[in-house]
Chemist: 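Quick one: this structure, given as structure tokens, is what I'll be asking you about.
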Amino acid sequence: MTSSTRVLFVCLGNICRSPLAEAIFIDMINRRGIADQFIVDSCGTGGWHAGNRADPRSIQVGAKNGIKVLSIARKFDKSIDPDAFDLFIAMDSANQSDLITLGVEPSKIRKMRSFDPNTPDGPDVPDPYYGGDNGFDKVYDMLLDSCEGLVQST
Ligand code: 4NP
């Protein structure tokens, strides 16, 4: 029996980028018939939006592309999460360093765009929260390419 890879997508608020990344990744592994190989979740390093649905702009850009963004925001739990996942996918460099501060083994952390074949140097997925809807379209495209690379690497 092979065990599942436990993947946690992480951003700051868990309402814009990481819930969208989680939804895209889940859709991809479902369509490929490999969902049983993964346990997937997302969270924020901050807890301001805990208990809330994703930002309406993330839900909308997902819907436009046939993806349901269903997750409810939660804050990273430093007493449980560091050992509960195999792979921590940080949306940006700040999330990455915050995860180390919160006790995650650095070798388990990857930046999302390190899986994007267009950007192997792994720049940030920019935070679209304070921008317009266009920012969410750009983030969607980055996350789609990165999820493709992630699926192929696991
Ligand atoms: P996210 O975007 O990290 O992609 O979910 C943000 C959402 C909310 C806030 C910051 C970033 N905020 O400061 O409330």
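For ligands, and for the atoms within them, numbers begin at 1 and follow the listed sequence.
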Chemist: Does any N or O atom in Leu12 lie less than 3.5 angstrom from one in ligand 1, N or O only?
Modeler: yes

Chemist: Counting only heavy atoms, tell me which of Val10, Asn95, Asp127 gets closest to atom 11 (C) of ligand 1.
Modeler: Asp127

Chemist: Polar-atom distance check: Trp48 versus ligand 1, any N or O pair below 3.5 Å?
Modeler: no

Chemist: Of all the heavy atoms in His49, does at least one lie under 4.0 Å from an atom in ligand 1?
Modeler: yes

Chemist: Is it the case that the side chains of Asp124 and Ser93 hold a donor-acceptor pair, with the cut-off being a distance below 3.5 Å and no angle test?
Modeler: yes

Chemist: Any chain of hydrophobic side-chain contacts (each under 4.5 Å) joining Phe136 to Phe9?
Modeler: yes

Chemist: Measure the OH-OG distance between Tyr129 and Ser58 for me, rounded to the nearest 0.5 Å.
Modeler: 11.0 Å

Chemist: If we only count N/O pairs under 3.5 Å, is Gly13 in contact with ligand 1?
Modeler: yes

Chemist: Taking atom NZ of Lys75 as the centre, does the number of heavy atoms from other residues, nucleotides or ligands within less than 6.0 Å exceed 12?
Modeler: no

Chemist: Give me the nearest non-hydrogen protein atom to atom 1 (P) of ligand 1 as residue plus atom name, then the distance to 0.1 Å.
Modeler: Cys11 SG, 3.5 Å

Chemist: Identify, by atom number and element, the atoms of ligand 1 in contact range of Ile15, meaning under 4.0 Å from any of its heavy atoms.
Modeler: 5 (O), 7 (C), 8 (C)

Chemist: Within the 4.0 Å heavy-atom shell around Tyr130, which atoms of ligand 1 are there?
Modeler: 13 (O)

Chemist: Nearest 0.5 Å, please: how far is CD1 in Ile89 from OG in Ser18?
Modeler: 11.5 Å

Chemist: Is there a donor-acceptor pair under 3.5 Å between the side chain of Asp81 and the backbone N or O of Lys78?
Modeler: no

Chemist: To the nearest 0.5 Å, what is the distance between CZ (Arg17) and CG (Leu12)?
Modeler: 6.5 Å

Chemist: Is there any N or O on Asn14 that sits under 3.5 Å from an N or O of ligand 1?
Modeler: yes

Chemist: Which protein non-hydrogen atom lies closest to atom 4 (O) of ligand 1, naming both residue and atom, and how far is it?
Modeler: Arg17 NE, 2.8 Å

Chemist: Output the list of atoms in ligand 1 that are nearer than 4.0 Å to some heavy atom of Cys16, sorted by atom number.
Modeler: 1 (P), 2 (O), 4 (O), 5 (O)

Chemist: Please list, one pair per line, the donor and acceptor atoms closer than 3.5 Å that link side chains of residues 19-35 to other protein atoms, with sequence neighbours excluded.
Modeler:
unit_1 : atom_1 : unit_2 : atom_2 : d
Glu22  : OE1    : Ser42  : OG     : 2.8
Asp27  : OD2    : Arg31  : NE     : 2.9
Asp27  : OD2    : Arg31  : NH2    : 3.0
Asn30  : ND2    : Ile26  : O      : 3.3
Arg32  : NH1    : Glu148 : OE2    : 3.3
Arg32  : NH2    : Glu148 : OE1    : 3.0
Arg32  : NH2    : Glu148 : OE2    : 3.3

